[in-house]
Amino acid sequence: DAALAARDAGRHEEALALWTQAAAREGADGFVWSQLGWARAALGKVKPAREAFAKALELDPNLPTAIMGSAYFSALDGDSKGSIEKARNALSQKAWGFAKKPDAAKIAEYIADLDKADALLAEGKADEGNGYLGRVLEDFVVVRNRVKVDHKRMREMAEKAGIKDDKKEEEKKEEAK
């Protein structure tokens with residue numbers, strides 16, 4: 001598929017255009033909406049990415065790529081526990097649709113990191129716990145969906161316990177100059 005090829009090649013604007021066209025078609029499924037969410041996320045379009053993941057989950061509440069998208073944004077919101085829970089849920093799914101399911105060893109690695117994150121968070125070691133969570137999310141998001149994760153931005157947003165549209169923040173910075 002051209003949209004997947006564009007995504008895999010890092011041509012995010014092209015992928016976004018193709019996934020947007022696919023999502024506009026009647027009967028677009030959760031996978032299409034999930035990929036639209038990742039394309040939007042790759043370009044820093046936070047609010048539209050969230051909306052696409054919500055639509056994907058509305059169409060298929062068990063779609064791992066959409067659940068992981070929700071986990072990603074929970075982490076950005078500073079909800080590490082919620083993010084861990086969602087990531088575990090995504091990894092427990094049997095059917096991955098068109099997405100390639102990680103092999104058993106990779107899933108075991110992800111679960112081990114999520115367990116470490118959970119334990120460290122319970123001990124009040126947020127930075128260390130979020131490091132393990134971030135490692136899972138980074139691997140899943142970057143390797144599997146070709147989206148660059150800005151961990152510094154993730155930490156800043158988590159500290160503020162809220163999320164803002166990245167593009168609007170950039171526009172505000174430009175206006176301030």
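The basis for the numbers below is simple: all heavy atoms, side chains too, and nothing from hydrogens, waters or symmetry mates.
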### Task
Give a yes or no on whether a salt bridge exists between Glu138 and Arg135, defined as a side-chain N under 4.0 angstrom from a carboxylate O.
no
### Task
Hey, could you give me the CG/NZ distance between Leu36 and Lys55, rounded to the nearest 0.5 Å?
11.5 Å
### Task
Starting at NZ of Lys116, measure out to CD of Glu128 and round the result to the nearest 0.5 Å.
12.0 Å
### Task
Locate the shortest heavy-atom distance separating Ser74 from Gly82; write the atom from each residue and the value.
CB-C, 4.3 Å
### Query
When the ring planes of Phe73 and Phe53 are compared, do they come out parallel, tilted or perpendicular, using 30° and 60° as the limits?
tilted
### Task
Provide the closest heavy-atom pair for Ala71 versus Ala87 in the form atom of the first, atom of the second, distance.
CB-N, 3.8 Å
### Task
Return the orientation label for the Trp19 and Phe31 ring planes: parallel under 30°, perpendicular over 60°, tilted otherwise.
perpendicular
### Query
Do Val136 and Tyr132 touch side chain to side chain, with heavy atoms closer than 4.5 Å?
no
### Query
Are Val46 and Arg50 side-chain neighbours, meaning at least one heavy-atom pair lies under 4.5 Å?
yes
### Message
So, taking the atom named CG in Leu59 and the one named CH2 in Trp33, what distance separates them when rounded to the nearest 0.5 Å?
### Response
8.0 Å
### Query
Are any of the side-chain heavy atoms of Arg7 and Leu18 separated by less than 4.5 Å?
no
### Query
Of all residues at least two apart in sequence or in a different chain, which pass the side chain to side chain contact (heavy atoms under 4.5 Å, CB included) check with Leu57?
Ala66, Ile67, Ser70
### Message
Quick one, Leu91 and Met68 - any side-chain contact, counting heavy atoms below 4.5 Å?
### Response
yes
#### Entry: Side chain to side chain, Asp103 and Glu109, heavy atoms closer than 4.5 Å
no
### Task
Assess the side chains of Glu85 and Asn89: does a donor N or O sit below 3.5 Å from an acceptor N or O?
no
#### Entry: Validation row: Asp139, Lys106 side chains within 4.5 angstrom (heavy atoms)
yes
#### Entry: Spatial distance of atom CD1 (Ile84) from atom CG (Asp113) [nearest 0.5 Å]
10.5 Å
### Query
Looking at CD of Glu13 and CG of Leu43, how far apart are the two atoms once the value is rounded to the nearest 0.5 Å?
4.5 Å
### Message
On a heavy-atom basis, which atom in Ala41 and which in Ala49 lie closest, and how many Å separate them?
### Response
N-CB, 3.7 Å
## Note on the structure
For Ala6 and Ala15 the tightest heavy-atom approach is CB-N, 3.8 Å
### Message
Assigning hydrophobic clusters by single linkage (Ile, Leu, Val, Met, Phe, Trp, Tyr; side-chain heavy-atom cutoff under 4.5 Å), is Leu63 placed with Ile107?
### Response
no
### Query
Closest heavy-atom contact between Gly30 and Ala56?
O-CB, 3.3 Å
### Query
Is there any salt bridge (Lys or Arg N to Asp or Glu O under 4.0 Å) pair reaching into residues 18-28, and which pairs are they, with sequence neighbours excluded?
none
### Task
Locate the shortest heavy-atom distance separating Arg40 from Pro48; write the atom from each residue and the value.
NH1-O, 2.7 Å
### Interatomic spacing from OG in Ser80 to CG in Leu137 - rounded to 0.5 Å
9.5 Å
### Task
Give the ring-plane orientation class for Tyr110 versus Phe140, where under 30° counts as parallel, over 60° as perpendicular and anything between as tilted.
perpendicular
